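Notes for the one structure printed next.
Just follow the structure's listing: the first ligand is 1, and inside any ligand the first atom is 1. Just so we're clear, the structure is a prediction, and the values are computed from it rather than from any experiment.
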Amino acid sequence: MSPRSSLLYVLLGLGVAGVEVSGAFTSTTNTLKRSRKCLRLDTSTTAKKEITSTSLHENMDGDCDIAPCLDGACATDATSTPDMPRIVGESIERLGIATGPTVWSEFGRLSQKHKVANLGQGFPDWLPPQFAVDSLVEAAVDVAKSPHQYTRTAGHPNLVKALAGRYSVHLRREIDAMAEIAVTVGASQALYLSLQTLVKPGDEVILFEPFFDLYVNQVKLAGGTPVYVPLTFVPYSLEDDNNDNEETDVVGGEWILESINLQKALSPKTRAIVLNSPHNPTGKIFTREEMESIADAVVAAGPQCVVLTDEVYKYITHAPPKEEVQDESARGYTSLCPGHIQFASLPGMWERTITISSAGKTFSATGWQVGWCVGPKELISPIHQLLPYVQFCASTVIQEALARTLAKAEAPYEGFPSYYAYLKESYTRKRDLLSNALKAAGFGVPNYDTTPGGGFFIFARIGKSIADALPAERKNSPNVAAPGGIARQDWALCQWMAEEKGVLCIPSTPFFSSERVAEGASDEFIRVAFCKTDGTINEAASALFDIQRGKKDSSVNRENAPSLESDLEEAEGGISRERIETR
Ligand code: PMP
């Protein structure tokens, strides 16, 4: 059987499985619909509390969580009823009230219920590059090697060898494939296992705020206490904003780490600092100076303190720091991801760092779910010890496919010297499409000529005219899915845009601690993804442009909308929104 016909065969098989899955899903949905109640566990009393429907919630037909989870943790309704309290384990208790609907389940639901251009969840809406799909098919039909059985728990040999080769270049030291790498189910599990092996109850873990929301509950699950260090938002002056719209009522800005804030947060209990660069949600790339201040903090905190560096977006440094790129060429050093600073390569930091990444963002294959940890044997071997009690191994066939994909990604691709160069260029173009659209609609965005950026999100600042367009009754209305039960400005705006304006973005509240939310730190921002086909971004641009005009699906005024047409969508193998929503 040829690889192509095999792929067809595999896809047809999945289609049949899909029918069964969707049948099961429907019946779960019906069960939820019948209950017409949302349940939340109050673990302070270990008792079930019923959250009655709010006026907003009535629109939900009583469904708390019917959407597939597309990004981050997902809660489902518990099986017990208020009359039959469940006995819960330590992990659920540690999560506290964070066991109800999440931003991801709520906005996943909205994306299914309303026809929207979805700039919400962080997954590309196109197929992985052909060489990656081919690698998967080749791996699947390789009868001689048959990667369909268990592989080495700590990581499939072909994959850890390929990763060791790359990280030996990234970190400029020889990496031992068997002792210094652990393969996990996505970067999420790499983070989870790192925290589980490091943290004891009472330990503190520093998170820079805003943060990728997964970190908070993972720290709590490990028995640790999150300690938040705020990044400071510094708005541009009007000249630095590079805004050609003279009537603008909002400017973008930069998020910076003030080292004094980090120093204040240190204590003898500081067990770990989580560094995410490029950063979700802001797109920030931490500067070398900021990273050096983190290295100083690790030393100051004491020998117990290590850094977990989450670099899942390292190949998407679309606005690399200029001085880093220049320094590299001055030093005669060629980085595999130009502009990305490997924290573990700073003096003295290899011994104190677990470097975490995954393949999902790089190869537009977030469902492959292969991630890894790289670090010194002392930090990696506890993860090796824990792995067999979590699962015997991550999927062998996907690990083998990834090893083959890595070998092919260095080759020239679509007129670029490598797939990585293509990826960066393609995201730079998409970023500009979205950032121009946001600016034209009345949001403040980073000026990427002066502010480095990476990843595939823009943390857009809500301008006054946008805030004024939001119907007043929506602001601060009750909402069970919103943190604190209240839809503050960012949440209300995103919900309104999804329900009434045809575009879906993610509010910023989930990326802040409840204390900072209460202070209003998140009110001004929303997270907007540009890992979407040009068609989706164009559609969103049009919808965004109409916000202030109070019109839905209007063609009036659209002649003033930024021209965002593109002929590249076919070339990038764009798949339609309808298709992705039914998957
Ligand atoms: N870290 C960050 C910063 C992320 O944005 C994500 C995905 N949204 C992850 C980790 C999780 O990656 P994975 O899908 O490989 O588990």
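Interface atoms of ligand 1 facing Asn280, defined by a heavy-atom separation under 4.0 Å, are 3 (C), 4 (C), 5 (O). Ligand 1 places these atoms under 4.0 Å from at least one heavy atom of Gly186: 15 (O), 16 (O). Taking a cut-off of under 4.0 Å to the non-hydrogen atoms of Asn276, the atoms of ligand 1 that pass are 3 (C).
Ring-centre distance between Phe208 and Phe286: below the 6.0 Å cut-off. Residues Phe459 and Phe525 bring their aromatic ring centres within 6.0 Å. Aromatic ring centroids of Tyr413 and Phe131 lie under 6.0 Å apart. You'll find the ring centres of Phe511 and Phe211 outside the 6.0 Å limit.
Inclusion of Ser358 in the set of residues having an N or O under 3.5 Å from an N or O of ligand 1 is warranted. Between Ser188 and ligand 1, an N or O atom pair is found at a separation short of 3.5 Å.
At a heavy-atom cutoff of 4.0 Å, ligand 1 is contacted by both the backbone and the side chain of Ala187. Residue contacts with ligand 1 for Gln369 involve side-chain atoms from C-beta outward but no N, CA, C or O (heavy atoms, distance under 4.0 Å). Counting heavy atoms closer than 4.0 Å to ligand 1, residue Lys361 contributes side-chain atoms (C-beta onward) but none from N, CA, C or O.
In summary, Arg404 and Asp134 do not engage in a salt bridge, as defined by a charged side-chain N under 4.0 Å from a carboxylate O.
At a cut-off of 3.5 Å, with distance as the only test, a side-chain donor of Glu258 or Thr232 sits close to an acceptor on the other residue.
For atom 2 (C) of ligand 1, the choice among Val185, Asp213, Asp310 with the nearest heavy atom turns out to be Asp310.
Judged purely by atom type and a 3.5 angstrom limit, His279 uses its side chain to pair as donor or acceptor with the backbone of Pro210.
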